[in-house]
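Data first, discussion second: the structure below is written as structure tokens.
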Amino acid sequence: MHAWPASEVPALPGQGRDLRIHDTATGGLTPLDPGPVARIYVCGITPYDATHIGHAATYNAFDLVQRVWLDTKRQVHYVQNVTDIDDPLLERAERDGVDWAALAERETRLFREDMTALRMLPPQQYIGAVEAIPGIVPLVERLRDLGAAYELDDDVYFSVESDPNFGRVSNLDAAAMRLLSAERGGDPDRPGKKNPLDPMLWMAAREGEPSWDGGSLGRGRPGWHIECVAIALDHLGMGFDVQGGGSDLVFPHHEMGASHAQVLTGEFPMAKAYVHAGMVALHGEKMSKSKGNLVFVSRLRRDGVDPAAIRLALLAHHYRADWEWTDQVLLDAGIRLEHWRAAVSRPDGPPAEALVEEIREALSNDLDAPAALAAVDRWAVTQEQNGGTDAGAPGIVSRAVDALLGVAL
Ligand code: 5CA
Ligand code: ZN
């Protein structure tokens with residue numbers, strides 16, 4: 001699949017800083033030390049509805065990770081998937097009487113437009129589950145040959161007990177895992193499973209549903225976790241720097257993915273840091289396609305909201321916090337945007353070098369975007385109150401806000 005166009009990332013004076021980021025698996029801040037090419041996999045959308053503010057907040061967090069790395073003069077190898085075949089997509093297509101593939105294509109197109117408008121850097125590989133099937137099938141076959149997978153009525157399940165490290169990403173107890181498995185696409189109550197938590201690797205073809213050739217597995221479609229493992233291992237290989245997603249992916253998705261990869265390669269962890277963004281709520285509840293309490297990025301854009309204001313609204317919250325979207329959040333972001341735009345269009349200001357360092361320091365410290373915004377606010381206020389004589393400063397601030405925060409002033 002093609003991704004979306006990249007906005008240019010201006011180079012900044014001085015030296016970028018290495019990222020320390022919270023790793024769910026260890027529960028602490030992990031100093032990352034990527035090679036000359038930093039590698040990141042971010043779980044993509046299931047395209048049955050438009051991009052909402054919650055999605056945008058999560059992708060914003062991983063966009064910042066890349067901007068910090070680019071500022072250290074590294075290259076970034078970024079891979080993202082699209083879960084373009086899964087139960088929720090088929091259910092929505094059925095409900096609306098539309099073709100599932102057309103629905104996926106339409107919503108993926110809209111996602112690309114939203115990401116472009118928000119100046120999110122595109123992945124180098126943007127891979128759909130359907131196009132990944134030829135790579136998924138051999139992995140499932142290998143897991144079966146290793147004795148880590150078993151059949152149940154022609155479906156193929158992964159045995160979590162085959163992985164000595166199972167549980168080391170989420171660190172949850174069995175009861176919590178079982179609850180989350182039932183909530184998030186698992187089937188812990190299906191009779192005949194070796195362990196209730198075992199996730200499906202390959203689902204045998206169902207009457208009236210799309211299916212693909214699965215070689216020795218028979219016709220069917222892939223499970224969700226093996227989809228991301230196949231795509232990540234194919235394009236990034238084991239031991240990449242960051243796997244990212246919202247906190248609702250910690251279990252089962254990222255736990256199961258790490259487990260599949262561990263059994264396939266004998267290595268742990270698949271990612272050096274498992275990084276999770278908090279959940280954005282609306283009216284007191286997590287914004288979710290299934291609940292329908294959504295604010296769509298495309299809807300805001302259509303209503304004339306500047307995408308830079310949307311982006312500033314996201315940046316005003318720490319990526320790990322759960323927070324609530326309100327009209328006031330967007331109003332505040334719009335005011336900040338105007339204030340910053342006025343500041344960088346003045347002919348001079350206080351020197352900007354210290355500000356660039358403050359933004360760098362804030363982001364390198366577990367992506368503290370709110371601290372970065374506060375630093376820019378202070379520079380703008382000082383300029384307003386005391387003026388300044390540095391003619392290069394507004395330009396540097398404008399480039400730094402663009403390069404490090406993805407906001408075009
Ligand atoms: N296709 C899978 C990942 S492989 C999936 O979870 N798709 S999704 O469309 O449901 O979500 C896409 C991303 O947005 C995930 O990282 C998810 O954790 C994140 N996300 C979903 N809802 C919210 C929310 N309310 N707040 C923050 N992030 C969210
Ligand atoms: Zn995923």
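Numbers here are sequence positions counted from 1. Excluded from the calculations below are hydrogen atoms, water molecules and symmetry mates; all remaining heavy atoms, backbone and side chain alike, are included. Counting starts at 1 for both ligands and their atoms, following the listed order.
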Open item on the list: Only heavy atoms of G245, strictly under 4.0 Å: list the atoms of ligand 1 that pass.
Closed with: 16 (O)
Open item on the list: Which residues pass the side-chain contact (heavy atoms from CB on, under 4.5 Å) test with P188, not counting sequence neighbours?
Closed with: R178, S181, A182, P196
TODO: Would you mind checking if K272 and D33 are paired as a salt bridge, meaning a charged N to carboxylate O distance below 4.0 Å?
DONE: no
- [ ] Could you check atom 14 (O) of ligand 1 against the protein and tell me its nearest heavy-atom contact, residue, atom and distance included?
- [x] H55 CD2, 3.2 Å
Open item on the list: List ligand 1 atoms under 4.0 Å from G278, heavy atoms only on the residue side.
Closed with: 26 (N), 27 (C)
TODO: Please check if any side-chain donor atom of N365 sits under 3.5 Å from a side-chain acceptor atom of E361, or the reverse.
DONE: no
Open item on the list: For T46, which part has a heavy atom under 4.0 Å from ligand 1: side chain, backbone, both, or neither?
Closed with: both
- [ ] Tell me yes or no: between the side chains of W340 and D377, is some donor less than 3.5 Å from an acceptor?
- [x] yes
Open item on the list: Less than 4.0 Å is my threshold; does some heavy atom of A281 fall inside it relative to ligand 1?
Closed with: no
Open item on the list: Just to confirm my output: which protein heavy-atom neighbour is closest to atom 4 (S) of ligand 1, and how far is it?
Closed with: W224 NE1, 3.1 Å
Task: Stepwise side chain to side chain contact (heavy atoms under 4.5 Å, CB included) test for I231 and L236 - done: CA-CA 8 Å; I231 296 170; L236 296 174; over 6 Å; no
- [ ] Specify side chain, backbone, both or neither for I53, according to which of its non-hydrogen atoms lie closer than 4.0 Å to ligand 1.
- [x] neither
Open item on the list: Pairs of nitrogen or oxygen atoms closer than 3.5 Å, one from D248 and one from ligand 1: do any exist?
Closed with: yes
Task: Min N/O separation M279 to ligand 1 under 3.5 Å - done: no
Open item on the list: So if I apply the side chain to side chain contact (heavy atoms under 4.5 Å, CB included) rule between V407 and each of V401, L373, D402, which one comes out positive?
Closed with: V401
- [ ] Any atoms of ligand 1 less than 4.0 Å from a non-hydrogen atom of C228? List them with their elements.
- [x] 4 (S)
TODO: Count the heavy atoms belonging to other residues, nucleotides or ligands that lie under 6.0 Å from CD of Q124, then report whether that count exceeds 12.
DONE: yes
Open item on the list: If we only consider heavy atoms of H253, is any one of them less than 4.0 Å away from an atom in ligand 1?
Closed with: yes
Open item on the list: Between the side chains of R168 and D163, is the shortest nitrogen-to-carboxylate-oxygen separation below 4.0 Å, so that they form an ion pair?
Closed with: no
TODO: Report yes if some heavy atom in the side chain of L118 is under 4.5 Å from a heavy atom in the side chain of N60; otherwise report no.
DONE: no
Task: Test item: side-chain donor near acceptor, Y157 and N195, under 3.5 Å - done: no
Task: Taking atom 26 (N) of ligand 1 as the reference point, the nearest protein heavy atom with its distance - done: V280 N, 2.9 Å
TODO: Report the relative orientation of the aromatic rings in W325 and W323; use parallel for angles under 30°, tilted for 30 to 60°, perpendicular for over 60°.
DONE: tilted
- [ ] Could you tell me how the ring of Y59 sits relative to the ring of H55: parallel (under 30°), tilted (30 to 60°) or perpendicular (over 60°)?
- [x] tilted
TODO: Answer with side chain, backbone, both or neither: which part of S247 has a heavy atom less than 4.0 angstrom from an atom of ligand 1?
DONE: neither
Task: Smallest separation among heavy atoms of T51 and M115, with atom names - done: CG2-CE, 4.1 Å
Open item on the list: Checking a contact table here: which protein heavy atom is nearest atom 10 (O) of ligand 1, and how many Å away?
Closed with: K289 NZ, 3.9 Å
Open item on the list: Does only the side chain of H52 get under 4.0 Å from ligand 1, or the backbone, or both, or neither? Count heavy atoms.
Closed with: side chain
TODO: Looking only at distances, please establish whether an N/O atom of ligand 1 is found under 3.5 Å from an N/O atom of S288.
DONE: no
- [ ] Provide, to 0.1 Å, the distance between atom 15 (C) of ligand 1 and the closest protein heavy atom, together with that atom's residue and name.
- [x] L249 CD1, 3.8 Å
Task: Between Q125 and H77, a side-chain donor and acceptor under 3.5 Å - done: yes
Open item on the list: I'd like to check which ligand 1 atoms, numbered from 1 as shown, lie under 4.0 Å from a non-hydrogen atom of C43.
Closed with: 3 (C), 4 (S)
Task: Identity and distance of the protein heavy atom lying nearest atom 2 (C) of ligand 1 - done: G44 O, 3.3 Å
Open item on the list: Any side-chain to backbone donor/acceptor pair from R67 onto L405? Under 3.5 Å, distance only.
Closed with: no
TODO: Under 4.0 Å from a heavy atom of T83: give me the atoms of ligand 1 that qualify, with their elements.
DONE: 1 (N), 2 (C), 4 (S)
- [ ] Measure the distance from atom 25 (N) of ligand 1 to every protein heavy atom, then report the residue, atom name and distance (to 0.1 Å) of the closest one.
- [x] M287 O, 2.8 Å
Task: Location of contacts on I45 toward ligand 1, heavy atoms closer than 4.0 Å - done: both
Task: Per-atom contacts, ligand 1 versus Y59 - under 4.0 Å to a heavy atom - done: 12 (C), 13 (C)
Task: N81 neighbourhood, listing ligand 1 atoms whose heavy-atom distance to it stays under 4.0 Å - done: 4 (S)
TODO: Report, as a single number, the protein N, O or S atoms less than 2.8 Å from the Zn ion (ligand 2).
DONE: 3
- [ ] Identify the protein heavy atom lying closest to atom 28 (N) of ligand 1, giving its residue, its atom name and the separation to 0.1 Å.
- [x] T58 OG1, 2.8 Å
- [ ] Verify the distance criterion only: is there a donor paired with an acceptor across the side chains of E285 and N293 at less than 3.5 Å?
- [x] no
- [ ] Give a yes-or-no answer on whether the side chains of S298 and E113 include a donor-acceptor pair shorter than 3.5 Å.
- [x] no
Open item on the list: Angle between ring planes, W4 versus F111, binned at 30° and 60°: parallel, tilted or perpendicular?
Closed with: perpendicular
TODO: Measure the distances from the heavy atoms of A277 to every atom of ligand 1 and state whether one is below 4.0 angstrom.
DONE: no
- [ ] For A57 and ligand 1, answer yes if some heavy atom of the residue is under 4.0 Å from a ligand atom, otherwise no.
- [x] no
- [ ] Classify the angle between the aromatic ring planes of Y41 and F240 as parallel (below 30°), tilted (30 to 60°) or perpendicular (above 60°).
- [x] tilted
